[in-house]
J.: 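Encoded as structure tokens, here's the structure I'll be asking about.
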Amino acid sequence: MRRTKIDKTPARLDFIQSLTGLILGIFIMGHILFEASILISQEMMYKVTIMFEGYYFFGETHPGIISFLAAAISVIFVVHSGIAMRKFPANYKQYRIMKKHIVSMKHEDTSLWLIQAITGFIMFFLGSVHLFIMMTQPANIGPFASASRVVDEFMGFLYIALLISVVLHALIGLYRLALKWGFMEGKNTKVSRARFKLIMKTMIALYLFLGTYSLFTYTKIGLEHNFSDGERYKSKTIIMEKH
Amino acid sequence: MSEKKNRILKISILRFDPHDPEDFPHMETFEVKEADGMTLFVALNEIREHHDNSLKFDFVCRAGICGSCSMLVNGKPTLACRTLTSKLGENISLAPLPLFELIGDLSIYTGKWMRGLNERLETWIHNKEEELDIDKLEQRMEPELADKIYEVDRCVECGCCVAGCGTIQMRPDFAGAVGLNKIARYHIDPRDKRTDEEYYELIGDEDGVFGCMTLLGCEDVCPKDLPLQSKIAYLRRMMIKTSMNN
Amino acid sequence: MKIICTDVLVIGGGLAGLRVATGVKERGHGAIVLSLVPPKRSHSAAAQGGMQASLANCKMGEGDNEDVHFGDTIRGSDWGADQEVARMFVHCAPKAIRELAAWGVPWSRVKKGDHDSIINAKKVTITEKDEAHGLITARDFGGTKKWRTCYTSDGTGHSMLYAMDNKAKQDEVEVHERLEAISLIHENGRCYGAIARNLMNGELVAYIAKATTIATGGYGRIYSVSTNAIICQGIGQAIALETGVATLGNMEAIQFHPTAIVPVGILTTEGCRGDGGLLLDKDGYRFMPDYEPDKKELASRDVVSRRMTEHMRKGKGVKSRYGDHLWLDITLLGRKHIEKNLREVKEICENFLGIDPAVDWIPVRPTQHYSMGGIRTKYTGESQTLKGLYSCGEAACWDMHGFNRLGGNSVSETVVAGMLVAEYISDFCDKQESSVDVQSSTVEKFLKIQADKIEKLLSHENGEDAYVLRRAMEEIMMNKVGIFRNGDDLQDAVNELEELYKRSKNIEVFRSKSRAANPALENAYRTQKMLKVALTCAVGALNRTESRGAHSREDYPKRDDANWLKRTITSWRDEADTLPTVSYEEIKIDNMELPPGFRGYGKDLTQHHPQTKIRQSMVDVITDKLEKDGATRFEIQNALMPYLDKLPEKYRGINERLGENV
Ligand SMILES: Cc1cc2nc3c(=O)[nH]c(=O)nc-3n(C[C@H](O)[C@H](O)[C@H](O)COP(=O)(O)OP(=O)(O)OC[C@H]3O[C@@H](n4cnc5c(N)ncnc54)[C@H](O)[C@@H]3O)c2cc1C
Ligand code: HEM
Ligand code: HEM
Ligand code: SF4
Ligand code: F3S
Ligand code: FES
């Protein structure tokens, strides 16, 4: 049989787009849950934070780990957005055609894609800012530090926009991922698709609720405390020698 | 069957004759008295016969078989001949499918587009080696496989999936669900001897399977209920595998 | 003036046309196909039932072969068929289907082991042989002794046509879509091509070819209700007729199907009645037992159609805006059965009637279904009278269907005739005599005639409305040249149609004056042509004072071999004529392999030809003698009616079957 030399790039790009999307999607689902630890208690949030800083592993915290994680995520983020951006309308004409198509078709999955494209576009800016901060100020994380950022540095506004964007984008993306590759497709795709869609919608609602509620909690903490004096969260159970 | 009260349908049609330099696209509304069992085929013929004999549209089999009569009914692509007016509201809007060359009013030149697609994807059995002796028993095939091939062979080239796909609207070079489905059809057919690499050459790019953004309009509008979502997913997996093995 | 030259011009992109085109292409000749629609949209796609070919793979087809298929075909035709042609056909049908299998048709296959089937409304278990596993299977169809109808689920015609069209694309056959042939170019008894009109921009194009093939399908649309696609208007037959040279055969032979839905005339399968469905009238009364106490709803196609019509004429039909109809009740079969075994019927009911056949009755009436008649040809597919003009498929009267075609034999005919005719055409094109020696002034003349006609239609004032004429014609055909025919009605029909024809010379295209795509203009010139075709039907039916196959005369219920064992040949000698010229072609008994006999339905009313007995005893003597000598069935057949020499050499081989010649 003839062996043709094929151009593998399109296959790779498609695969990487999905893979990075998948990683980011899973990451963000975990991420929002971790942030939501504040809902349990400030202590809990603190523990989660130092866990990421390697406390339970090394017996001391290394914010550099966060920097490293942020850098890694940033790379994936950039790769993903770079590849996925090919799918954006290439020019205004294409955008208009798509818009018209969506308006006249009133087709849910097509509209969902538009949401993904728009939220992706938004995240390109907001996400970058957030990631940059996390990379550069990894130590400033914690029940008080975070609350301070949310309130005193007015990051709350950014976060709410980012939250809505990322939750929609990631969960729609994961839903699309399943259909795109035929994951757990079953005999009847109509049934499996309806099931995935239901899961997606439930998760979106759940995550939006968790996220907003956490943000609300950070805001409350931020308003109740005055951080200008450099007040830091003091754990009641974990006493660290050096910081 | 109970006699329903006859409604007066208001059918608005997007009209345009590209051969008339003075014409421009505009909506025109016709009133038709609804009858029992009236389909858009019946309604449009009434309009042509009694209201405006220049109205252009395409029907051939008028039985939902040939795929000639696809148009946008209230914005959604579908086969007009098997659309009962009773399933629609009193106000019905009709427009030609986008993307295809317009012949006039609701009549479009799908044939040319589909021909181009078929030629590009070489949608025929590739079997150069074997000399066919038609006096001999036919090559055997598993009955289930034959059914599986027929399941995807049912596409009528109506173009609804093309009109229902945002991707192909933006990027007209994209093969669309109709094209990908055809490749899936030949790929599972043991009579076609093309290698995976040869298939990759045909659809392993942004105009092929990797161009699909899983919008699933195709799947939802296909009047033949073809398993487009699943076939495209299948091709995608297969193409990735091919690229990894190569 | 646009002129396009090629070797072979094929008018029609259905199964027949495409098969001719690929055939001549493979023999190295250029071919252009003209079609009203993209070829894949041709009416061939609508055939759901299947294609007959005596493969004998499935259990119920065991023992089938060319001889059995031949017998069924001839009996089905009520002895109207050309037996040599029928022989050529049954011999090549297995080849054609195997070729299609190699080209990609996903024929349904035999699965070894047990499966259930419903025969005569009873469940039966059938056990398929192991050695047949994976070969092409077949289903039961009316009028066949064996299960011979090969199929692909519910889309036989579709999958055949798609495979054929794809093959044509592979062979780079040039297809010119939305080009309508509106006249043939001919001079001194030789056809040189056709004038076609581009339906998108109105341009007239002259196609010049060594051989011209008409494969335009049937002419069902001269009737008001037909199961045919709306493009089956008989334009192919009409342009042949308009040459004044080419002839049409058996135009009155029209088949009706009992159960097409109202109003659109879409077919519901015979399986509905086969499985136990009932026919009811406006009072919900089951009337068939009154007419046919024995077979009731399950009498043969033409009989049921006739009884339904009779009953409606008594005022028992259900009135609707679209005319009278009756009910088909399959509710008694139960939802489970319907959803499993009659899926298509259910979908048709849902999509076209908006009803659920498990609870609602289906409105049905007998509907025009198939045209046995068409352009009369020799066995080579060439017109008997116009050299260089060929025809095949439903458009032709090749004549293997006689006065009634068997279900499944027509798609089979399209591909078999296509592959044979392609060879004969290629042989013709290979010869010097085929070279085209037509003057360009002749071509111009033909172009001008058409251009003038169109101009006249568009510029005419105070003329007739083509739609009115056309509807009138359709009604006349339906009511007076329908399922039941009688002298008085037929005479009326001829008179009225002639009147309409005269009026049609005065058609005006109202309002819509565009010279480009213009449905009103198309309807106008087609109506003129269709009226001629309708007249050939009506006149043929009026003259034929007997009942044969689908042609059923109330005033002459007998089949009359003594006087009517002949084909009706019609032509249109002069443009000024208002009626076709009729002549007859004898169907000779003395070389028949299967001399006329009793078809096997109802009472035998046949009035036999004196020659029949003589031929029958001859056949018996030869058969007996050869059988005693231990001759094979091929040798016996050859002694009775040799035909192999007529076939192109490459198609003479003996067909392999399980247990035969393998
Ligand atoms: C509902 C239905 C079901 C059927 N089921 C079966 C079945 O199960 N088994 C079976 O054997 N048969 C069946 N038949 C019959 C069978 O389908 C037809 O006889 C057969 O398909 C005819 O094929 P064809 O190639 O001759 O013509 P068609 O397929 O009708 O093709 C005609 C072609 O000619 C073109 N054409 C027409 N006029 C012109 C013109 N003036 N200029 C240019 N092009 C022109 C058209 O565009 C088209 O491409 C069925 C028929 C009907 C109506
Ligand atoms: C490894 C990289 C990341 C780290 C370390 C990180 C860390 C944090 C922290 C500590 C907070 C709490 C608020 C604060 O301290 O400012 C937060 C909030 C948030 N982050 Fe991240 N983040 C990362 C990546 C991302 C990415 C890639 C996104 C999405 C594009 C994202 C979206 C959000 C959102 C929406 C909030 C608000 C959460 C809420 O509503 O509870 N983060 N992140
Ligand atoms: C700059 C930021 C981002 C941009 C511009 C962006 C853009 C896109 C676009 C346009 C798509 C659709 C691709 C297609 O239709 O084939 C997509 C898919 C996806 N995105 Fe993003 N995205 C961004 C960030 C993210 C983040 C932060 C996540 C996860 C939290 C994410 C998860 C996904 C997933 C899971 C998919 C589906 C993958 C696929 O279809 O192959 N994206 N993204
Ligand atoms: S895939 Fe479906 S929608 Fe698309 S052309 Fe084929 S039949 Fe039509
Ligand atoms: S709508 Fe278009 S993008 Fe893909 S899933 Fe269908 S082809
Ligand atoms: S006319 Fe054939 S599908 Fe509608």
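All chains are named by letter (A, B, ...) in the order of the sequence lines, taking the proteins before the strands, and each is independently numbered beginning at 1.
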J.: Decide whether C/Arg41 and B/Thr110 meet the rule of one side-chain donor and one side-chain acceptor closer than 3.5 Å.
T.: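 Yes.
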J.: Search all heavy atoms of B/Ala146 against all heavy atoms of C/Trp107 and return the closest pair with its distance.
T.: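 Result for this residue pair: CB-O, 3.4 Å.
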J.: Can you measure from CG (C/Asn351) to SG (B/Cys81) and round to the nearest 0.5 angstrom?
T.: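 Reported to 0.5 Å precision, the distance equals 8.5 Å.
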J.: Heavy-atom distances under 4.5 Å only: say whether C/Arg221 touches chain B with side chain, backbone, both or neither.
T.: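 The side chain, not the backbone.
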J.: With a 4.5 Å cut-off on side-chain heavy atoms, are C/Lys167 and B/Trp124 touching?
T.: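 Not in contact.
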J.: So which part of C/Val468 gets closer than 4.5 Å to some heavy atom of chain B, the side chain, the backbone, both or neither?
T.: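 Contact with chain B is absent: no heavy atom of C/Val468 under 4.5 Å.
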J.: Kindly indicate, with the supporting measurements, whether the criterion side chain to side chain donor-acceptor pair (under 3.5 Å) is fulfilled by C/Gln170 and B/His126.
T.: CA-CA 9 Å; C/Gln170 177 183 10; B/His126 287 57; over 6 Å; no
J.: For C/Ser514, is it the side chain, the backbone, both, or neither that has a heavy atom closer than 4.5 Å to a heavy atom of chain B?
T.: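 Side chain only.
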J.: Heavy-atom pairs under 4.5 Å with chain B are the metric here; pick the option from C/Ala45, C/Pro94, C/Pro519 that has the most.
T.: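 Ranked by heavy-atom pairs under 4.5 Å with chain B, first place is C/Pro519.
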J.: Does some side-chain heavy atom of B/Arg115 sit less than 4.5 Å from a side-chain heavy atom of C/Glu177?
T.: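 Of all side-chain heavy-atom pairs linking B/Arg115 with C/Glu177, at least one is under 4.5 Å.
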J.: Using the side chain to side chain donor-acceptor pair (under 3.5 Å) criterion, which residues pair with B/Lys112? Sequence neighbours excluded.
T.: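 Only B/Glu101 meet the side chain to side chain donor-acceptor pair (under 3.5 Å) criterion with B/Lys112.
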J.: Do B/Leu137 and C/Arg98 have side chains that approach each other closer than 4.5 Å (heavy atoms only, starting at C-beta)?
T.: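 Side chain of B/Leu137 against side chain of C/Arg98, heavy atoms only: contact under 4.5 Å found.
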J.: C/Ser108: what forms a side chain to side chain donor-acceptor pair (under 3.5 Å) with it, not counting sequence neighbours?
T.: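 Expected list: none.
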J.: Under 4.5 Å, counting heavy-atom pairs only, tell me which of C/Ala520, C/Gly104, C/Gly157 racks up the most with chain B.
T.: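 So the answer, after comparing C/Ala520, C/Gly104, C/Gly157, is C/Gly104.
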J.: Are side-chain heavy atoms of C/Asn201 and B/His19 found at a separation under 4.5 Å?
T.: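 Result yes, sub-4.5 Å side-chain heavy-atom pair found.
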J.: Is a side-chain N or O of C/Tyr162 found less than 3.5 angstrom from the main chain of B/Val156, in a donor-acceptor match?
T.: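 A pair under 3.5 Å: yes.
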J.: Quick check: do B/Ile65 and C/Gln48 have side-chain heavy atoms less than 4.5 Å from each other?
T.: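 The answer is yes; the side chains approach within 4.5 Å.
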J.: Answer with side chain, backbone, both or neither: which region of B/Val42 has an atom nearer than 4.5 Å to a non-hydrogen atom of chain C?
T.: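 Answer is side chain: those atoms of B/Val42 sit under 4.5 Å from chain C.
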J.: State whether a side-chain donor-acceptor pair under 3.5 Å links B/Tyr150 with C/Asp154.
T.: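 C/Asp154 and B/Tyr150 do have a side-chain donor-acceptor pair below 3.5 Å.
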J.: Which one wins on heavy-atom pair count under 4.5 Å against chain C: B/Ala35, B/Gly104, B/Cys61, B/Pro18?
T.: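 Most pairs with chain C among the choices: B/Ala35.
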J.: Checking an interface table here. Which of residues 176-191 of chain B come within a heavy-atom distance under 4.5 Å of chain C?
T.: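 From residues 176-191 of chain B, the residues near chain C are B/Lys182, B/Arg185, B/Tyr186, B/Asp189, B/Arg191.
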J.: Quick one: SG on B/Cys66 to NE2 on C/His158, what's the gap to the nearest 0.5 Å?
T.: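 B/Cys66 SG to C/His158 NE2: 11.0 Å, rounded to 0.5 Å.
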J.: Where on C/Val264 is there a heavy atom nearer than 4.5 Å to chain B: the side chain, the backbone, both, or neither?
T.: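 For C/Val264, backbone and side chain are both near chain B.
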J.: Side chain, backbone, both or neither: which part of C/Ala516 has an atom under 4.5 Å from a heavy atom of chain B?
T.: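 It is the side chain, since no backbone atom gets that close.
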J.: Does a sphere of radius 6.0 Å around NZ in C/Lys513 hold more than 12 heavy atoms from other residues, nucleotides or ligands, not counting ones at 6.0 Å or beyond?
T.: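 Enclosed: over 12 neighbouring heavy atoms sit under 6.0 Å from NZ of C/Lys513.
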J.: Go through the atoms of C/Pro106 and report whether side chain, backbone, both or neither lie under 4.5 Å from a heavy atom of chain B.
T.: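 Both the backbone and the side chain of C/Pro106 come within 4.5 Å of chain B.
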J.: Which bit of B/Leu55 comes within less than 4.5 Å of chain C, counting heavy atoms only: side chain, backbone, both or neither?
T.: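 Backbone only.
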J.: Determine whether B/Asp135 and C/Glu656 make a side-chain contact, defined as any pair of heavy atoms from C-beta on separated by less than 4.5 Å.
T.: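 They are not in side-chain contact.
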J.: Is C/Val262 in contact with chain B via its backbone, its side chain, both, or neither, using a 4.5 Å heavy-atom distance?
T.: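 Contact with chain B is absent: no heavy atom of C/Val262 under 4.5 Å.
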J.: Closer than 3.5 angstrom, by distance alone: can the side chain of B/Glu138 be matched with the main-chain N or O of C/Ala102 as a donor-acceptor pair?
T.: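 Answer holds: no.
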J.: Measuring heavy-atom distances to chain B, does C/Ser226 have an atom under 4.5 Å in its side chain, in its backbone, in both, or in neither?
T.: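 Interface part for C/Ser226: backbone (N, CA, C, O).
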J.: Closer than 3.5 angstrom, by distance alone: can the side chain of B/Arg62 be matched with the main-chain N or O of C/Ile230 as a donor-acceptor pair?
T.: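 Pair absent, no side-chain N/O of B/Arg62 close to backbone of C/Ile230.
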J.: Chain C heavy atoms under 4.5 Å from B/Asp147: which part of the residue, side chain, backbone, both or neither?
T.: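 When you check distances to chain C, only side chain atoms of B/Asp147 fall under 4.5 Å.
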J.: Check whether C/Phe510 gets within reach of chain B through its side chain, its backbone, both or neither, counting any heavy atom under 4.5 Å.
T.: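 Both parts, heavy atoms under 4.5 Å.
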J.: To the nearest 0.5 Å, tell me how far C/Ser153 OG sits from B/Ile149 CD1.
T.: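 Reported to 0.5 Å precision, the distance equals 11.0 Å.
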J.: Between B/Thr39 and chain C, with a heavy-atom cut-off of 4.5 Å, which part of the residue counts as in contact: side chain, backbone, both or neither?
T.: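 It is the side chain, since no backbone atom gets that close.
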J.: Just grab all the side chain to side chain donor-acceptor pair (under 3.5 Å) pairs involving residues 43-53 of chain B, residues at least two apart or on different chains.
T.: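 Listed once each, the pairs are B/Arg15-B/Asp52, B/Glu46-C/Arg321, B/Glu49-C/Arg471, B/Asp52-B/Ser54.
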J.: Name the option with the most non-hydrogen atom pairs under 4.5 Å to chain B; the candidates are C/Ile136, C/Leu267, C/Ile231.
T.: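 Most heavy-atom pairs under 4.5 Å with chain B: C/Ile136.
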J.: Taking side chain as everything from C-beta outward and backbone as N, CA, C, O, which of these in B/Asp17 sits under 4.5 Å from a heavy atom of chain C? Side chain, backbone, both or neither.
T.: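 B/Asp17 touches chain C through side-chain heavy atoms alone.
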J.: Given the options C/Thr152, C/Leu161, C/Asn655, C/Leu135, which has more heavy-atom pairs under 4.5 Å with chain B than any of the others?
T.: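 Among C/Thr152, C/Leu161, C/Asn655, C/Leu135, the one with the most close pairs to chain B is C/Leu135.
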J.: Testing the basics here: between C/Leu353 and B/Leu84, what is the closest heavy-atom pair and its distance to 0.1 Å?
T.: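 Taking C/Leu353 first and B/Leu84 second, the nearest heavy atoms are C-CD1, 3.7 Å.
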J.: Could you look at B/Phe57 and say if it's the side chain, the backbone, both or neither that has a heavy atom under 4.5 Å from chain C?
T.: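 Looking at B/Phe57, nothing touches chain C.
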J.: Report which part of C/Ile97 has an atom under 4.5 Å of a heavy atom belonging to chain B: side chain, backbone, both, or neither.
T.: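 For C/Ile97, no heavy atom lies under 4.5 Å from chain B.
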J.: Closer than 4.0 angstrom, basic N to acidic O: yes or no for C/Lys111 and B/Glu144?
T.: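 A salt bridge links C/Lys111 with B/Glu144.
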J.: Let me know if C/Ala132 has heavy atoms under 4.5 Å from chain B in its side chain, its backbone, both or neither.
T.: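 Just the backbone, heavy atoms under 4.5 Å.
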J.: Atom CE of B/Met114 and atom CG of C/Asp165: how far apart are they, to the nearest 0.5 Å?
T.: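 Output value for this atom pair is 12.0 Å.
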J.: Would you mind telling me which of C/Met200, C/Glu99, C/Glu172 has the largest number of heavy-atom pairs within less than 4.5 Å of chain B?
T.: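 Top count of heavy-atom pairs under 4.5 Å with chain B: C/Met200.
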J.: Which residue out of C/Arg515, C/Lys650, C/Glu350, C/His133 racks up the most heavy-atom pairs below 4.5 Å with chain B?
T.: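 Sorted descending by pairs with chain B, the first entry is C/His133.
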J.: In terms of side-chain geometry, is the basic nitrogen of C/Arg178 or B/Asp58 positioned less than 4.0 Å from the acidic oxygen of its partner?
T.: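 So C/Arg178 pairs with B/Asp58 through a salt bridge.
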